[in-house]
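Inspection log for the structure reproduced underneath, given as structure tokens.
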2 protein chains.
Amino acid sequence: MITICEVSMKYHISKDALRFYEKEKLIGPIRKNKSGIREYQDSDLERIEFVLCMRSAGLSIAVLRKYLELYDKGDNTKEMRLNLLLNEKKKLKEKIKCMNDAFKKLEYKIKLYQES
Amino acid sequence: MITICEVSMKYHISKDALRFYEKEKLIGPIRKNKSGIREYQDSDLERIEFVLCMRSAGLSIAVLRKYLELYDKGDNTKEMRLNLLLNEKKKLKEKIKCMNDAFKKLEYKIKLYQES
DNA sequence: TCTTGACTTAGAGTATAGTCTAAGTAGTAT
DNA sequence: ATACTACTTAGACTATACTCTAAGTCAAGA
């Protein structure tokens with residue numbers, strides 16, 4: 001049972017973003033106390049970690065919602081989920097390759113500056 | 001002397017984006033013929049390649065404009081340009097590391113699916 | 001009791017990076 | 001001459017992912 005403020009600090013993400021992710025069904029619905037205040041459980045935190053990790057990899061809100069929707073539908077969506085993940089993995093691999101290439105070019109450009 | 005259509009196909013980028021980059025001062029101003037049609041020179045293409053490469057690395061339009069602005073101002077902006085590039089390189093390195101971590105987690109997740 | 005501060009909501013606003021539309025022009029094909 | 005196609009412009013619109021605002025509730029401290 002940890003508050004939105006604590007979750008926000010723990011993961012360096014805004015409270016607004018946490019509520020936004022909940023509205024977009026990436027997490028939650030988070031349990032609320034009698035005053036309507038969110039109380040995050042350990043299971044919520046795991047899901048938040050997963051979402052943040054995948055977001056940092058560039059997976060879109062829409063793709064994550066799709067995945068988590070399937071997940072919540074149960075076991076017979078496993079193959080669809082796997083395919084979705086494989087597809088995202090492929091895209092991510094491309095992207096990383098692309099960024100590595102750009103990184104090398106940037107390094108080279110910097111080297112030229114430092115030589116002159 | 002190559003047309004916007006050819007440049008667009010060569011680099012797999014829309015004609016709108018090419019005009020947008022020009023408006024944002026990332027490229028050009030591109031020479032135009034007496035009818036007002038753009039005619040891209042080799043030097044334009046080099047700049048386009050640089051811009052696309054850096055965009056694929058995640059450098060923002062604003063950062064690129066800043067860099068190219070300094071570049072067009074001449075030699076005494078060299079140190080500022082170098083610092084700008086070093087800063088972007090640092091950010092890029094972080095981002096790539098972050099994406100690699102996420103990639104590994106994605107792979108692990110996929111492995112779990114494939115084992116079950 | 002009153003104020004303070006942190007929370008709540010719905011919905012408006014922002015930043016980034018294009019993308020699309022409308023209206024017009026120029027050169028070519030019939 | 002007329003139609004067609006590709007180009008031009010300014011400016012409106014879109015998608016994504018938040019971020020902010022306004023109005024209100026609740027619990028605790030002075």
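A, B, ... follow the sequence lines: proteins, then strands. Residue 1 opens every chain.
For the side-chain contact (heavy atoms from CB on, under 4.5 Å) criterion with Arg47(A), the lone passing option out of Leu68(A), Asp42(A), Leu52(A), Leu26(A) is Leu68(A).
Between atom CG of residue Leu18(B) and atom CD1 of residue Ile13(B) there is a gap of 4.5 Å, rounded to the nearest 0.5 Å.
Between His12(B) atom NE2 and dG18(C) atom C1' the separation is 18 Å, expressed in whole Å. The separation between Glu39(A) atom CD and dC7(C) atom P is 12 Å, rounded to whole Å. Atom NZ of Lys34(B) is separated from atom P of dA26(C) by 12 Å (rounded to the nearest Å). In this structure, CE of Met1(A) is placed 17 Å from P of dC7(C), rounded to the nearest angstrom. Separating the CG atom of Asn33(B) from the P atom of dA6(D) is a distance of 17 Å, rounded to the nearest angstrom.
Between Tyr67(B) and Phe50(B), the ring center distance clears the sub-6.0 Å criterion.
For the pair Lys97(A) and Asp101(A), the salt-bridge criterion is met [side-chain N within less than 4.0 Å of a carboxylate O]. Here Asp16(B) pairs with Arg19(B) in a salt bridge; the nearest charged N to carboxylate O distance falls below 4.0 Å.
In this structure, the helix from dT1(C)-dA30(D) to dT30(C)-dA1(D) shows an angle of 20° between the axis at its start and the axis at its end, each fitted on 5 base pairs and rounded to 10°.
For the segment residues 51-67 of chain B, no residue has any heavy atom less than 4.0 angstrom from an atom of DNA chain D. Residues of residues 88-102 of chain B that place a heavy atom closer than 4.0 Å to DNA chain C do not occur.
Atom CD of Glu94(B) sits in a sparse spot, with 12 or fewer heavy atoms from other residues, nucleotides or ligands closer than 6.0 Å. When the shell of 6.0 Å around CD of Glu79(B) is examined, it contains 12 or fewer heavy atoms from other residues, nucleotides or ligands.
A close approach under 4.0 Å does not occur between any side-chain nitrogen or oxygen of Tyr21(B) and OP1 or OP2 of dA17(C).
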Polar atom pairs between nucleotides 7-11 of chain D and protein, under 3.5 Å, N or O only, would you list them?
residue: dC7(D); atom: OP2; partner: Lys15(B); partner atom: NZ; Å: 3.3
residue: dT8(D); atom: OP1; partner: Arg38(B); partner atom: N; Å: 3.0
residue: dT8(D); atom: OP1; partner: Arg38(B); partner atom: NH1; Å: 3.0
residue: dT8(D); atom: OP2; partner: Arg19(B); partner atom: NH1; Å: 2.4
residue: dT9(D); atom: OP1; partner: Lys32(B); partner atom: NZ; Å: 2.6
residue: dT9(D); atom: OP1; partner: Arg38(B); partner atom: NH2; Å: 3.3
residue: dT9(D); atom: OP2; partner: Arg38(B); partner atom: NH1; Å: 3.0
residue: dT9(D); atom: OP2; partner: Arg38(B); partner atom: NH2; Å: 3.0

**Request:** Please test Asn83(A) against Leu86(A) for side chain to side chain contact (heavy atoms under 4.5 Å, CB included), starting from the C-alpha separation and ending with a verdict.
**Result:** CA-CA 5 Å; Asn83(A) 286 332; Leu86(A) 284 171; 4.3 Å; yes

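Applying the ring pair (Phe, Tyr, Trp, His ring centres under 6.0 Å) test to Phe20(A) and every residue at least two apart in sequence or in another chain returns nothing.
Screening residues 76-116 of chain B for ring pair (Phe, Tyr, Trp, His ring centres under 6.0 Å), with sequence neighbours left out, gives no hits.
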